[in-house]
Each structure stands twice: as C-alpha cells, then as structure tokens.
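In what follows, chains carry the letters A, B, and so on, assigned in the order in which the sequence lines appear, proteins first and then strands, with residues in each chain numbered from 1. The figures here come from the full heavy-atom set of this structure, side chains too, leaving out hydrogens, waters and symmetry mates.
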Number of protein chains: 4
Amino acid sequence: MTEATRGAGRPRSERARLAVLRAVDDMLVEEGYASMTMKGIAERANVGRQTVYRWWSSKAEILLEASAADAARELEVPAHRDPVAEVTAFLTALTAFLTTSDAGLAYRALLGEAQHDPAVAELLQSADVLGTAARGIVARTTVDVSGAESAARTAELVGPLLYAILVEGRTLTPSDLRGMAERFVR
Amino acid sequence: MTEATRGAGRPRSERARLAVLRAVDDMLVEEGYASMTMKGIAERANVGRQTVYRWWSSKAEILLEASAADAARELEVPAHRDPVAEVTAFLTALTAFLTTSDAGLAYRALLGEAQHDPAVAELLQSADVLGTAARGIVARTTVDVSGAESAARTAELVGPLLYAILVEGRTLTPSDLRGMAERFVR
Amino acid sequence: MTEATRGAGRPRSERARLAVLRAVDDMLVEEGYASMTMKGIAERANVGRQTVYRWWSSKAEILLEASAADAARELEVPAHRDPVAEVTAFLTALTAFLTTSDAGLAYRALLGEAQHDPAVAELLQSADVLGTAARGIVARTTVDVSGAESAARTAELVGPLLYAILVEGRTLTPSDLRGMAERFVR
Amino acid sequence: MTEATRGAGRPRSERARLAVLRAVDDMLVEEGYASMTMKGIAERANVGRQTVYRWWSSKAEILLEASAADAARELEVPAHRDPVAEVTAFLTALTAFLTTSDAGLAYRALLGEAQHDPAVAELLQSADVLGTAARGIVARTTVDVSGAESAARTAELVGPLLYAILVEGRTLTPSDLRGMAERFVR
DNA sequence: GATTAATCGAGACGGTACGTCGCGTCTTAGT
DNA sequence: ACTAAGACGCGACGTACCGTCTCGATTAATC
C-alpha cells in the first residue's frame with residue numbers, strides 16, 4: 001500500500017477537497033488573507049465546517065496547498081546562455097510573482113503569518129518555494145558553488161529584491177532588475 | 001500649540017499610556033503577537049478598554065510606539081575606520097535584533113502583519129526603522145553614492161540577511177556575517 | 001443595598017431582558033420547546049448571544065422567568081361558598097392551563113425537562129406553581145388540615161387531573177371535572 | 001406473513017439488536033437521558049450508525065423497547081384478599097419503579113420527552129405501561145366499575161402518587177402509601 | 001457452487017447549535 | 001474631559017451530533 005492504507009469507511013471526497021482549495025484561492029484575491037475565515041471558506045466551498053477541519057488545521061495550511069504548485073511554476077525560468085539575462089529573467093519573474101500573481105499574494109500572506117506563528121514558519125520552510133527556484137538559478141549561473149557558498153549566493157540573489165518589495169514597498173523598473181542581475185553575476 | 005491644544009477637562013493620563021506600552025512589551029514576549037488582544041492588553045495594563053481605543057487604533061500601532069525607539073537604538077553602530085568591520089558590526093547588530101531582541105520580535109510581528117494589512121504596511125514604512133539605520137552605514141562605507149544607487153545598496157546590505165533569517169530561518173555564524181560584509185564592500 | 005450593589009460599569013439593559021422573555025414566549029408557541037435554541041432566541045430578540053448566556057444558563061431558566069407570573073395568575077380562583085363549585089372552578093382553570101394556555105405549555109415543557117435534568121427539577125420545585133395554587137384551595141375547602149395531611153390532599157386534588165392530561169392525553173369534559181371535584185370534597 | 005416476509009439477503013443481526021438495547025440501558029443509568037446520543041449509542045454498542053437508524057428512529061423508541069417489558073414486570077402485583085393491602089402493594093411497587101428502578105428511570109425520561117414531542121407522547125400512550133398495570137388493580141379492588149368510571153378510578157389511583165414524586169419530588173414513607181391506599185379504597 | 005441482495009462496521013459528507021472569546025461601541029459612576 | 005468598569009450587538013472559533021451517503025466485507029436464500 002503506497003498511499004494511506006485505504007481502510008474502511010467512505011473515502012475522502014475529491015470534490016470537497018478541490019472546492020475548498022478553489023474557494024481559498026478566490027477569497028484571497030477577493031477579500032484578502034486577514035478577513036478570510038475557516039467558516040467563510042467552508043460556506044464558500046459548500047462544504048461542512050468539520051470537513052475543512054478534518055483535513056487542514058489552519059487557513060495557512062489550505063493556502064499553501066492551494067498555491068505551492070502555482071508558485072513553483074511561476075518561478076521557473078528557461079535556461080539561457082547569458083547568465084545576466086537568465087538572472088534578470090528570474091528577478092523579473094520573482095517581481096511579478098510577489099506583486100501581481102495570486103500565488104505570490106498567497107506567499108506573502110503566508111510569509112507574514114510565519115513571522116508570528118512558528119507552525120506556519122515551519123510549514124513554509126518545508127515547502128521552500130523561493131529557495132528551490134533560486135538554487136536552480138544559482139547552480140546554473142555560478143561556477144564552483146562550494147556547498148556552503150550556495151546558501152549565501154541564494155540569499156544574495158533573492159534577498160535584495162525581497163527587501164525592496166516586502167519591506168520598502170518599492171516598485172522596481174526593468175533597469176533596476178537588470179542592475180541587480182549584473183551586480184549579482186559580477 | 002506646542003503640545004496638543006491642551007483644552008479643558010482631565011488631561012491624558014501618562015500613567016495609563018505607560019502601562020499600556022509596558023503591557024504590550026511584556027505580552028509580546030510572554031505569549032506572542034498573534035494571541036495578544038486589545039482586550040487582553042487593557043486588562044493587563046489595568047486600564048479601561050476605551051482608553052486603549054482612544055489613543056491607538058490597533059495593536060500594531062501600540063507595538064510600534066512601544067518598540068520603535070528601542071529598535072533604532074539597537075541598530076546604531078559606532079563609526080569605524082575599516083568599512084568591513086563597520087558593516088560586520090551592523091550585520092551582527094541586525095542579526096541580534098532580528099533573532100534575540102524584544103524590539104526585533106516586535107518588528108518581525110509588524111512586518112508580518114504588514115503583508116496582509118496595508119494600514120500596517122504604511123505605518124511601518126513611515127517609521128522605516130531598518131532603512132534609516134542601513135542608509136547611515138551605506139553612506140559611510142560607500143564612495144559616490146549617486147542617490148538612486150543608494151537604495152539599491154541598502155537593499156544589498158540588508159536583503160540577504162533578512163532573507164536568511166526571516167525566510168529560511170537560518171542561524172548565521174560570525175564568519176557568515178563577515179563573509180557577507182566583505183562581499184558587500186567588495 | 002437591597003438590589004445587587006449597583007456597581008460600576010454599564011447597567012443591565014432592561015430592553016434586552018424584555019426582548020428575550022418576549023422572544024421565548026413567542027417561540028414556544030410558534031415552534032415548540034424542543035426546537036427552540038439559545039441561538040434562535042438571541043436572534044429573535046435582536047440580542048447578542050453572550051447577553052443571553054450572561055443572565056440565564058439555559059432555555060428552561062428563561063422560560064420559567066417568562067411564564068411563572070402568568071401561570072400563577074391563571075390558576076387563581078375566586079373564593080366560593082360552595083366547596084364543590086370552588087374545586088370544580090379550580091380544576092377547570094387547571095385544565096385550561098395545561099391544555100390551552102401558553103404559560104401552561106411552558107409549564108409542561110419545563111416539567112418534561114425536569115424529568116431528565118435535575119437542575120430544571122430543582123428550579124421548578126422552587127417555583128412550585130401548581131402546589132401554591134392547590135394548597136390555597138385545599139386550605140379553604142377542607143376542615144382541620146393537620147399539616148402533614150395537607151400535602152396528601154394537595155396530591156389528591158391535582159394528581160388525578162395531571163395524570164389524565166399529561167400521561168393519558170385524555171380530554172376531560174365539564175362533567176368529568178365536576179365528578180372529580182365531588183369525589184375530592186366527598 | 002407471520003414475521004416480516006423474510007426475503008432474500010442477509011437477515012437482521014440479533015447480536016446488533018441486543019447490543020444496542022443493552023447499550024441504551026447502561027448509558028441511561030451512567031450518563032442520563034439528555035446526554036445520550038444516537039452516535040454515542042452506536043459507538044457504545046460497537047454497531048454502525050446506520051444500523052441504529054435502520055431499526056429505530058429515535059432514542060426514545062430504543063429506550064421504550066429496552067424497558068417496556070421490564071416496566072410491566074416490575075408493576076405486577078399478586079392478587080390479595082384484602083383490597084387495601086393489594087393497593088398498598090401496588091403503590092409501593094410503583095414508588096420503587098419511579099424512584100429506584102432503571103426501567104422507571106427510562107419511563108420518566110420518556111414521559112418527560114413526551115411533554116414536548118408529540119411523537120414520543122403517542123408512542124408512550126400506545127404502550128400505556130402505567131395504565132395497564134393500574135387498570136388491573138382497579139378492576140380487582142372496586143365493585144361495579146361502569147366503564148367510564150374505570151378511567152376516573154385509575155387516575156385517582158395513580159395520579160396522587162405521580163404528582164408527589166414527579167412534580168413535588170417528595171419521598172414517600174410506607175405509611176404515606178398505606179394512607180393513600182386506604183383513602184383510595186374508602 | 002455461483003449469484004444475488006440485504007445486512008454489517010466504518011467513517012466522511014453537508015448541516016447546525018453549542019458555549020466561549022474578542023471585536024469596537026455604549027453607558028454608567030467616579031476623578 | 002478623561003478614567004475604570006462592564007454590558008451591549010456581532011460574529012468567528014473549534015467541537016459535537018445530526019441524519020445521510022458511500023465504501024468493502026459478510027451472510028443467508030435463490031438459482
């Protein structure tokens with residue numbers, strides 16, 4: 001048995017699972033993370049309240065399941081011969097993700113929640129959406145990444161952009177991003 | 001009017017104000033931001049609920065008032081002849097601030113809240129605790145900072161560390177910080 | 001202090017109190033005791049749920065407060081020279097109370113609840129609606145009631161009618177009641 | 001068809017039926033009628049929830065089936081030459097039934113439920129546990145019971161005791177019962 | 001002996017009431 | 001005018017039980 005023993009009793013409803021994920025996705029955009037409630041999610045999904053609690057323990061958990069796949073896809077960047085071009089493309093994708101995309105909106109909400117809820121913090125780190133995407137770029141654009149250095153390079157790639165957007169709330173122009181990419185590559 | 005018109009009637013109670021700020025400080029450490037409530041703050045401070053609402057409109061606002069001064073002080077770093085040493089000192093202070101300090105705990109909570117509450121975001125940007133401290137370091141350690149470049153340099157100084165701590169939850173060694181500082185200065 | 005110390009804070013709202021009692025009265029008639037809920041009462045009375053719980057601990061308690069006064073009034077019977085006539089009048093009033101009156105409907109519901117909830121049983125016995133009314137009749141229509149005998153006579157007056165209505169669900173004619181009264185007086 | 005057409009398919013499980021009746025009996029004593037639930041009964045009996053609903057439509061119905069036979073047996077009183085002695089014996093049995101016996105506990109619970117649930121009321125009247133037992137006594141101890149009078153006599157026999165116990169919650173001594181019996185017989 | 005059909009246990013489903021908690025407002029008396 | 005106290009209407013919390021609905025597994029009677 002590869003998959004959760006398949007025991008007795010009525011099996012989990014895929015219909016309900018998808019309805020909840022869909023509801024969370026929609027509600028995040030329509031009304032924002034803060035005013036989203038477990039009760040509201042259940043009602044929006046036409047699902048019993050208990051059903052939500054049975055499979056997820058918080059709205060953060062639902063949101064992560066609802067957006068992780070989208071996030072990973074949106075941060076994918078095709079390989080490119082020119083390192084600067086590739087890094088620029090990644091930073092552009094990351095900017096779009098953080099400022100425009102629905103999945104990015106979810107990511108910001110989760111990252112925010114993680115600052116005052118250790119459970120969410122762990123959840124988010126185990127998914128490691130940004131890290132995974134960034135490490136790919138680092139590996140392809142940097143020569144001899146000596147393990148320990150990889151982490152530092154990742155932070156240098158993602159950190160400045162994250163700071164500019166999440167902390168300063170700044171809007172970055174394409175040339176800002178190009179500059180960042182050049183400095184990153186040296 | 002130097003102070004706030006000073007009309008008739010009983011003046012604002014300094015005792016109540018300090019009790020509230022003190023309560024918020026303590027409660028943040030004891031039980032965390034998320035489970036802190038306006039009701040709880042008032043009771044802890046032995047203050048009427050209305051009194052809290054009269055002077056602050058959210059727990060974020062109280063928390064900012066309670067911790068902004070401490071934050072600024074903790075991020076001050078003495079000038080140093082060697083740029084690398086100064087930057088390392090700043091990064092060390094920032095690390096301590098974000099991982100150990102009470103004021104830093106408050107800052108993280110506020111930064112988190114800001115991700116899903118625009119009002120808090122604005123509040124936090126207007127205080128700009130990190131930016132102010134970082135810009136001082138940038139100005140002293142970099143030659144010819146051409147206005148626009150200053151912002152980019154600030155992001156490069158603070159961003160990587162912020163990412164490592166807030167997003168990755170990583171623990172940084174002194175040599176990690178030294179390395180970061182060297183790369184920052186070139 | 002005769003009344004409950006009259007301390008600090010906003011005083012209890014008489015408006016809310018009456019709205020709840022009124023709502024319970026109406027709902028009992030409209031939908032019955034069983035399907036009445038604390039939530040429903042609060043909503044019907046346009047009152048917060050907490051407000052209901054603050055002053056009453058169960059729907060039985062509210063119902064008793066709402067109907068005790070009415071019940072006592074409905075069971076009052078004017079003194080009469082002829083004992084048989086007076087007892088007949090009382091039994092007629094009691095029949096009407098138990099089968100027709102709103103207050104009687106409440107009483108039956110409470111008496112029912114009392115059978116499986118000791119708290120309600122005690123509540124109901126302390127009010128002692130039926131006993132009070134019946135003892136008056138017994139005292140006026142029986143000579144030399146030697147204390148201990150009074151209780152037995154009360155049971156003989158009220159018991160048979162109660163059994164016929166509550167247990168058998170029988171409908172009693174005026175001549176049934178007259179017969180009961182005659183046998184009671186001898 | 002003597003039994004229930006006996007079609008194809010798996011026959012009803014006697015094991016399950018008895019387990020449910022047993023569970024209800026036990027739970028009534030252990031936790032009381034009010035806090036007994038269909039879910040709890042099923043779990044206690046190690047029986048599927050659907051199985052309970054398939055054969056009974058409410059806990060009242062189960063309880064009646066579980067206790068009716070016991071009740072009838074407990075209220076049986078041997079014939080006696082002396083009418084007063086026989087009536088006293090019956091009242092004593094009835095008192096024990098209502099205050100001590102498990103079946104009596106069930107009866108009180110059902111009688112209570114009947115006050116606010118017409119379905120239970122009908123169910124209980126169709127079983128008529130008390131009436132059947134009482135009518136036997138009335139027939140044996142009274143001469144010329146003219147049909148219509150029988151009902152009145154039954155009410156006079158059972159009513160006062162029922163009132164004393166169920167409404168007043170009084171504890172009756174043997175001499176109280178003897179007195180009642182004497183007055184009943186004249 | 002295989003098929004058929006109703007049962008069994010388990011347990012998820014959409015609902016809804018529970019009693020509690022915090023919200024932000026209000027109404028007191030007291031300073 | 002401001003204070004502490006505390007009730008107000010509101011609505012989300014997480015839990016429990018409702019009665020229904022699948023599931024796979026039994027268990028006879030019928031073919």
Quiz prompt | Which residues share a salt bridge (charged side-chain N to carboxylate O under 4.0 Å, His left out) with C:Asp70, sequence neighbours left out | solution =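 Salt bridge (charged side-chain N to carboxylate O under 4.0 Å, His left out) check on C:Asp70 returns C:Arg73.
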
Quiz item: Quick one: salt bridge (charged side-chain N to carboxylate O under 4.0 Å, His left out) partners of D:Arg15, sequence neighbours excluded?
Solution: none

Quiz item: Given E:dA6, is OP1 or OP2 found less than 4.0 Å from the side-chain N or O atoms of D:Arg10?
Solution: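 False: D:Arg10 side-chain N/O out of range (4.0 Å or more) of E:dA6 OP1/OP2.
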
Quiz item: Taking only residues two or more places apart in sequence or in another chain, which ones pass side-chain hydrogen bond (donor to acceptor under 3.5 Å, both in side chains) with C:Arg108?
Solution: D:Gln115

What integer distance in Å separates [X]:[atom1] from [N]:[atom2]?
X       : N      : atom1 : atom2 : value
D:Arg12 : E:dG9  : CZ    : P     : 11 Å
A:Lys39 : E:dT16 : NZ    : P     : 11 Å
D:Met38 : F:dG19 : CE    : P     : 6 Å
D:Ile41 : F:dA16 : CD1   : C1'   : 15 Å
A:Glu43 : F:dC13 : CD    : C1'   : 13 Å

Quiz prompt | Neighbours of DNA chain E within residues 48-62 of chain D, by heavy-atom distance under 4.0 Å | solution = D:Gly48, D:Arg49, D:Thr51, D:Arg54, D:Trp55

Exercise. List in numerical order all residues of residues 14-36 of chain C for which some heavy atom is under 4.0 Å away from an atom belonging to DNA chain E.
Key: none

Quiz item: Do the non-hydrogen side-chain atoms of B:Glu65 and B:Trp56 ever get within less than 4.5 Å of each other?
Solution: yes

Quiz item: Do B:Leu124 and B:Tyr107 have side-chain heavy atoms sitting under 4.5 Å apart?
Solution: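 Yes - at least one pair of side-chain heavy atoms lies under 4.5 Å apart.
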
Quiz item: For D:Arg22, does the CZ atom have more than 12 heavy-atom neighbours from other residues, nucleotides or ligands under 6.0 Å away?
Solution: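 No, because the 6.0 Å sphere around CZ of D:Arg22 holds 12 heavy atoms or fewer from other groups.
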
Quiz item: Closest heavy-atom contact between C:Ser101 and C:Gly104?
Solution: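 Heavy atoms of C:Ser101 and C:Gly104 come nearest at OG-N, 3.0 Å.
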
Side-chain donor-acceptor distances from residues 37-53 of chain C under 3.5 Å, at least two apart:
unit_1: C:Thr37; atom_1: OG1; unit_2: C:Gly40; atom_2: N; d: 2.8
unit_1: C:Arg44; atom_1: NH1; unit_2: C:Glu30; atom_2: OE1; d: 3.2
unit_1: C:Arg44; atom_1: NH2; unit_2: C:Glu30; atom_2: OE2; d: 3.0

Quiz item: Of C:Gly40 and A:Ser13, whose nearest nucleotide on DNA chain E comes first from the 5' end?
Solution: A:Ser13

